[in-house]
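Below, all heavy atoms of this structure are taken into account, side chains as well, without hydrogens, waters or symmetry copies. Just so it is clear, the model here is predicted, and its values are computed rather than measured.
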Amino acid sequence: MSGTFATVDDYIGSFPPETQEVLQEMRRTIHRVVPDAGEKISYQIPAVTAQGRVIVYFAGWKHHVSLYPVPDGDEDFERLVAPYRASKGTLKFLLKEPVPYGVIETVSRRLLDQHGASA
């Protein structure tokens with residue numbers, strides 16, 4: 001991945017096919033949660049929007065994909081995301097392991113609720 005991207009499709013298309021598949025499934029998972037989602041490139045990574053506001057970012061890397069930001073949560077939520085937490089605001093999913101799309105869905109739903117953009 002390098003350069004400047006005009007669209008999320010351009011961004012995803014810059015990765016090897018296996019990573020593209022994971023990024024597309026992340027995208028579909030987020031879109032299932034966020035009603036009438038929009039998309040844009042922000043900070044040179046994909047951002048999913050609702051009502052004109054960014055809800056969640058996702059990105060691909062050489063050996064992993066990431067989801068940003070990580071919302072605050074209760075103990076159950078913290079246990080759910082703990083294995084993937086790379087930092088306070090980042091979840092990291094290794095490409096050599098199955099990607100937990102259910103975690104991505106849960107995080108996206110919580111972010112949407114926190115933004116007050118729920119349907």
Side-chain angles (χ1 to χ4, degrees):
M1 179 191 85
S2 65
T4 303
F5 304 100
T7 68
V8 174
D9 287 327
D10 291 344
Y11 177 89
I12 291 172
S14 72
F15 287 89
E18 305 80 31
T19 306
Q20 287 182 37
E21 289 175 26
V22 172
L23 290 169
Q24 289 288 13
E25 187 58 29
M26 288 179 76
R27 182 187 204 182
R28 284 188 291 271
T29 299
I30 295 166
H31 276 263
R32 280 193 297 271
V33 172
V34 181
D36 302 318
E39 292 182 334
K40 67 180 185 176
I41 294 293
S42 179
Y43 302 106
Q44 284 306 302
I45 61 173
V48 177
T49 63
Q51 300 171 358
R53 297 185 344 217
V54 173
I55 302 298
V56 63
Y57 298 87
F58 64 99
W61 303 95
K62 187 172 184 177
H63 300 290
H64 70 278
V65 293
S66 293
L67 192 71
Y68 322 86
V70 181
D72 294 327
D74 58 18
E75 286 182 35
D76 289 340
F77 178 78
E78 291 303 324
R79 268 193 299 278
L80 177 71
V81 300
Y84 312 105
R85 196 179 279 278
S87 68
K88 181 173 175 22
T90 303
L91 296 182
K92 178 177 170 179
F93 308 105
L94 297 176
L95 291 169
K96 66 182 181 181
E97 298 175 4
V99 175
Y101 295 106
V103 172
I104 294 168
E105 181 177 340
T106 299
V107 169
S108 299
R109 183 166 283 111
R110 187 171 291 260
L111 287 166
L112 183 67
D113 290 346
Q114 287 183 357
H115 279 83
S118 300

Parallel under 30°, tilted from 30 to 60°, perpendicular over 60°: which one fits the rings of F93 and Y84?
tilted
I'd like to check the side chain to side chain contact (heavy atoms under 4.5 Å, CB included) partners of P71; sequence neighbours left out, ordered by chain and number.
F77, V107, R110, L111, Q114
With sequence neighbours excluded, what pairs up with Y68 under the ring pair (Phe, Tyr, Trp, His ring centres under 6.0 Å) test?
none
Can you tell me how far the OH atom of Y57 sits from the CD1 atom of I41, to the nearest 0.5 Å?
11.0 Å
Mind checking side chain to side chain contact (heavy atoms under 4.5 Å, CB included) for R85 and listing every partner two or more places apart, or none if nothing turns up?
V70, E78, V81, L91
Rounded distance (nearest 0.5 Å) linking atom CH2 of W61 with atom CZ of F15:
7.5 Å
Looking at residues at least two apart in the chain, or sitting in another chain, which of them share a side chain to side chain donor-acceptor pair (under 3.5 Å) with S42?
none
Who are the side chain to side chain donor-acceptor pair (under 3.5 Å) partners of T19, not counting sequence neighbours?
none
What one should report as the nearest heavy-atom pair of Q20 and I12 is CG-O, 3.0 Å
For V99 and I104: C-alpha separation, side-chain torsions, deciding distance, then whether side chain to side chain contact (heavy atoms under 4.5 Å, CB included) applies.
CA-CA 9 Å; V99 175; I104 294 168; 3.8 Å; yes
Between G52 and T49, what is the shortest heavy-atom contact and its length?
C-CB, 4.5 Å
Taking every non-hydrogen atom, the tightest pair across S108 and I55:
O-CG2, 4.3 Å
Closest heavy-atom pair and its distance - A50, L112
CB-CD1, 4.1 Å
Under the side chain to side chain donor-acceptor pair (under 3.5 Å) rule, collect the residues that match up with Q24, sequence neighbours excluded.
R27
Is the number of heavy atoms from other residues, nucleotides or ligands within 6.0 Å of CG (D36) greater than 12?
no
Once rounded to the nearest 0.5 Å, what's the spacing between atom CG of L67 and atom CE of M26?
5.0 Å
Can you list the residues that meet the side chain to side chain donor-acceptor pair (under 3.5 Å) rule with D76, with sequence neighbours excluded?
R79
What distance do L95 atom CG and L23 atom CG have between them, rounded to the nearest 0.5 Å?
8.0 Å
Can you tell me how far CD of E25 sits from CZ of F58, rounded to the nearest 0.5 angstrom?
11.0 Å
Rounded to the nearest 0.5 Å, how far does CG of L94 lie from NE2 of H64?
8.0 Å
V65 to G60 - nearest heavy-atom pair and separation:
CG1-CA, 4.1 Å
Just checking, any donor-acceptor pair under 3.5 angstrom between side chains of Q51 and H115?
no
Quick test of your reading: applying side chain to side chain donor-acceptor pair (under 3.5 Å), list the pairs with at least one residue in residues 95-107, sequence neighbours left out, ordered by first then second residue.
E105-R109
